[in-house]
Amino acid sequence: KESVDQAIKMKSAFCMVKGTVTDGGGTPMGGVGVSIPNQCVYVITGGNGKFTLKGITPDADAVVAASAGTGWGEVELDLAAGETIADVVIALEKPGGSIAGRVQNEGPSPSAKRSAVSVVFTAGGALVDTTDSEGNFRLGNVPTGRPMTVMGEGNASVGGLIVEEE
């Protein structure tokens, strides 16, 4: 009985954040990744720029959104257990930095095929690109000042990167 009671209490402690992602001019943006840093909470905005993030622990300090072609933005959070915050607006006004590199097979030769490359930030959002025929990639508008992991196909990754403003 105690474990059932604890599970119910834990569920009620989670928070929710609802809002809209816009470009710098205030136009809603669909297809943008939105996440909570250091938590596995991530969604893609709908065509109207709207998002709902559920299952957030109260220690979350920000909500971050990024789009490879537009930029990134964040809003600071101060959550109480079980709280829902609505009408958050995240404007993608920060240009961010960039990550460039090469995906290669084991050994010195580059990947012989095009492959997907993701930059995953803070266990949540991601920006995705495809390498060229030589295995090279460049992702722009990457959020700065937060831990990143670059992931290639086959679970190959490099973690612990922090992108600085250009």
Q | OG1 on Thr20 to CG on Asn48, rounded to 0.5 Å | A | 7.0 Å
Q: Return the minimal non-hydrogen interatomic distance between Phe51 and Val63, and the atom names on each side.
A: CE1-CG2, 4.5 Å
Q: Apply side-chain contact (heavy atoms from CB on, under 4.5 Å) to the pair Glu74 and Lys94, showing each step before the final yes or no.
A: CA-CA 9 Å; Glu74 68 182 326; Lys94 299 179 181 184; 3.5 Å; yes
Q. Atom CD1 in Ile56, atom CG in Leu77: separation rounded to 0.5 Å?
A. 7.0 Å
Q.
To check you understand the geometry: which heavy-atom pair defines the closest contact between Tyr42 and Ser35, and what is its length?
A. CD1-CB, 3.9 Å
**Q.** Option among Val64, Val21, Val41 that satisfies the side chain to side chain contact (heavy atoms under 4.5 Å, CB included) test with Val34
**A.** Val21
**Q.** Over all atoms of both residues, closest heavy-atom pair of Ala81 and Pro58
**A.** CA-CG, 3.7 Å
**Q.** Minimal non-hydrogen separation, Ala80 against Cys15, with atom names
**A.** O-SG, 3.2 Å
**Q.** Val75 and its side chain to side chain contact (heavy atoms under 4.5 Å, CB included) partner, picked from Val17, Ile85, Val89, Ile90
**A.** Ile90
Q) Taking all atoms of both residues into account, what is the closest heavy-atom pair of Ser67 and Leu92, and its distance? A) CB-CD1, 3.8 Å
(Q) Given 3.5 Å as the limit, does a donor-acceptor pair link the side chain of Thr45 with the main chain of Met29, or not? (A) yes
Q. Considering all heavy atoms of both residues, which atom of Ala60 and which atom of Leu79 are nearest to each other, and what is their separation?
A. CB-CD1, 4.1 Å
(Q) Under a 3.5 Å cutoff, is there a donor and acceptor pairing between the side chains of Thr52 and Lys18? (A) no
